[in-house]
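As the structure lists them, so they are numbered: ligands from 1, and atoms in each ligand from 1.
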Amino acid sequence: VAKGAGKGRWCRYQSELHTAIVERLELRAALTEAVQKLSFSVEYQPIVDMRTGAAVGFEALARWHHPARGPVPPDQFIGLAEETGLIEPIGSWVLRQAVEAAARWHTVRHEATAVPVATGTPYVSINVSARQLRTPGFVGTVRAALEAADVPPSRVMLEITESLLLRDQEPVWTELAELRTLGLRVAIDDFGTGFSSLSYLQQMPADVLKLDRSFTETIASSRRQRLLVEGIIRLAGTLGLEIIAEGIETEAVRTILLDLGCASGQGYLFSRPLRDPDALRWLHGDPPADPPPPPAGTPPR
Ligand code: C2E
Ligand code: MG
Ligand code: MG
Ligand code: MG
């Protein structure tokens, strides 16, 4: 009997494995097609000065529109894109889109706005993956995108995850140093989830720390976490790094972060990621042109 049950389990396991492999192959084929058809878009989430609510920048976030599945979140395709090398065309496309969008934000500054606009034009912050950074000519690609859109390097930030910075130091640090020499800023994304030692942190070619959402999420309920975040904020200050907190969802969290000395942040409290024209409208204090349907699972108001 036991043997029979074991066999049944094995078969089920095999068929699940089979399904997973088939699904992955399908997703891979679909992603390849998506690159040919450019079935992607970029959304922009405001990064605000939490004291005033004014936008200081926008983070560009890639979206894939799958013909059957609908929108596929980046967590479900960036990894696959990395493995297959498709991240190069996708990443360059996102980069160009984001820089072109940033060029349009330029005009906002001179107009009357309902939402207070921070001094200076908002920058764009673009996520860059390992494989993109290691692609020969990446610096040239970035440079060309900036020149084509006529956006100065000071208005562009590149986000690199902490784990990537630790993993591929040699090749990646050199590229980043070169980009910083051009005048771009570099942010360490998801900071706190990797294991940077203090000595590394001091040497890293970076300007900004993005404090991972896992810290901000728990800050209101845990004193220990609050002390930890306070320590990170101090450390950033000592090292001359700016800090941006991610995933701020409540007023309580905003207040605590301000008390601890962190002035910049992004999160649903301020705005969800916005489609391109809506980012500009948001800057003007206007409502979205055509509100998208609420995400699945949201209770009706
Ligand atoms: P990330 O760079 O840490 O981006 C922040 C993620 O948190 C985004 O998820 C954003 O929509 C989400 N978020 C923002 N505010 C809140 C909040 O208040 N609460 C919660 N729960 N979530 C919030 P998204 O857009 O799904 O992106 C996931 C990750 O995918 C990004 O994490 C980034 O690492 C990666 N990614 C996105 N676009 C690109 C891209 O163009 N290239 C690369 N290489 N990676 C990308
Ligand atoms: Mg990011
Ligand atoms: Mg992040
Ligand atoms: Mg994160």
Side-chain angles (χ1 to χ4, degrees), residues 31 34-35 38-48 50 55 57-65 70-99 101 123-135 138 141-142 145 156-165 168 172 185-194 206 208-220 243-254 257 264-276 279 292 295 297-298:
L31 191 60
V35 169
L38 288 177
S39 320
F40 302 92
S41 67
V42 184
E43 289 187 348
Y44 301 91
Q45 185 177 39
I47 300 171
V48 306
M50 296 193 285
F58 286 92
E59 178 174 5
L61 296 158
R63 271 68 185 116
W64 172 18
H65 306 278
V72 182
D75 290 333
Q76 283 172 36
F77 73 87
I78 296 291
L80 182 63
E82 282 239 317
E83 280 168 39
T84 51
L86 290 167
I87 193 68
E88 288 166 29
I90 298 172
S92 319
W93 184 81
V94 169
L95 176 79
R96 284 195 304 273
Q97 293 292 309
V99 171
Y123 59 83
V124 67
S125 195
I126 304 165
N127 295 283
V128 174
S129 67
R131 184 131 175 192
Q132 265 178 290
L133 268 173
R134 282 196 255 100
T135 306
F138 178 70
T141 305
V142 172
V156 179
M157 183 157 90
L158 301 179
E159 299 192 7
I160 324 293
T161 60
E162 183 187 26
S163 47
L164 161 63
L165 271 172
D168 288 336
V172 167
R185 289 193 305 153
V186 170
I188 307 176
D189 203 356
D190 299 341
F191 182 78
T193 59
V208 172
L209 289 188
K210 292 196 79 175
L211 187 66
D212 193 62
R213 177 156 57 90
S214 54
F215 290 91
T216 38
E217 257 171 5
T218 46
I219 205 176
I243 196 147
I244 299 175
E246 295 185 320
I248 298 151
E249 295 186 358
T250 65
E251 191 52 49
V253 169
R254 182 187 84 107
L257 284 167
S264 306
Q266 62 188 105
Y268 298 162
L269 176 67
F270 307 107
S271 172
R272 288 184 176 262
L274 302 164
R275 290 174 298 173
D276 183 10
T298 309

Mark yes or no: Arg63 above the aromatic ring of Phe40, with NZ or CZ under 6.0 Å from the six-membered ring centre and no more than 45 degrees from the axis. no

Can a donor-acceptor pair be found, under 3.5 Å and without considering hydrogens, that links the side chain of Gln76 to the backbone of Pro73? no

A student checking ligand 1 against Arg213 at a 4.0 Å heavy-atom cut-off should list atoms 19 (N), 20 (C), 21 (N), 22 (N)

If you measure from each heavy atom of Pro273 to ligand 1, is any distance below 4.0 Å? yes

Applying a strict 4.0 Å limit to heavy atoms, is Glu246 in contact with ligand 1? yes

Which atoms of ligand 1 have any heavy atom of Gln45 under 4.0 Å away? 14 (C), 15 (N)

Among the N/O/S atoms of Glu159, which is closest to the Mg ion (ligand 2)? Give the atom name. OE1

Any N/O/S of Glu59 under 2.8 Å from the Mg ion (ligand 2)? yes

Does the side chain of Glu59 come under 3.5 Å of the side chain of Gln45 through a donor N or O and an acceptor N or O? no

Candidate with minimal heavy-atom separation from atom 29 (C) of ligand 1, of Ile87, Val253, Asp75: Asp75

Just to be sure I read this right, does ligand 1 sit under 4.0 Å from the backbone of Arg63, its side chain, both, or neither, counting only heavy atoms? side chain

N/O/S of Asn127 less than 2.8 Å from the Mg ion (ligand 2)? yes

Measuring from non-hydrogen atoms of Glu217 to any atom of ligand 1, is the shortest distance under 4.0 Å? no

Main-chain N/O of Ser214 paired with Thr218 side-chain donor or acceptor, under 3.5 Å: yes

Contact partition for Asp189 relative to ligand 1, non-hydrogen atoms under 4.0 Å: side chain

Measure the spacing between CG of Asp212 and CD1 of Ile188 and express it to the nearest 0.5 Å. 13.0 Å

In Å and rounded to the nearest 0.5 Å, what is the CD1 to OG distance from Ile244 to Ser125? 6.5 Å

With a heavy-atom distance limit of 4.0 Å, tell me whether Glu59 approaches ligand 1 through its side chain, its backbone, both, or neither. side chain

Under 3.5 Å: N/O of Thr161 near N/O of ligand 1: no

With respect to the Mg ion (ligand 2), please indicate if Asp189 possesses an N, O or S atom at a distance under 2.8 Å. yes

Give, for atom CD1 of Ile126 and atom CZ of Phe58, the distance between the pair rounded to the nearest 0.5 Å. 13.5 Å

Determine yes or no for a side-chain-to-main-chain donor-acceptor pair under 3.5 angstrom, with Thr216 supplying the side chain and Glu246 the backbone. yes

Of all the heavy-atom pairs spanning Ser129 and Leu164, show the shortest one and how long it is. C-CD2, 4.0 Å

Can you check whether Glu217's main-chain N or O pairs, donor with acceptor, with Glu249's side chain at less than 3.5 Å? no

Quick one: look at Val94 and ligand 1, take heavy-atom pairs under 4.0 Å, and tell me if it's side chain, backbone, both or neither. side chain

Looking at ligand 1, would Gly91 count as a contact under a 4.0 Å heavy-atom criterion? no

Tell me whether Thr135 contacts the main-chain N or O of Arg131 through its side chain, where contact means a donor paired with an acceptor under 3.5 Å. yes

Ligand 1 to Ala62 polar contact by distance, N or O atoms, under 3.5 Å: yes

Atoms of ligand 1 less than 4.0 Å from Glu249 heavy atoms? 17 (C), 18 (O), 19 (N), 20 (C), 21 (N)

Would you say Asp190 has any N or O atom under 3.5 Å from an N or O of ligand 1, going by distance alone? yes

With respect to atom 24 (P) of ligand 1, which of Pro74, Pro71, Gly267, Gly79 exhibits the smallest heavy-atom separation? Pro74

Sidechain-backbone polar pair: Glu43 side chain, Ala60 backbone, donor-acceptor under 3.5 Å: no

The reported gap from CD1 in Ile90 to OG1 in Thr84 (rounded to nearest 0.5 angstrom) is 7.0 Å

Hey, is Ile78 touching ligand 1 through its side chain, its backbone, both or neither, going by heavy atoms under 4.0 Å? side chain

Quick one: does Arg272 get within less than 4.0 Å of ligand 1, heavy atoms only? no

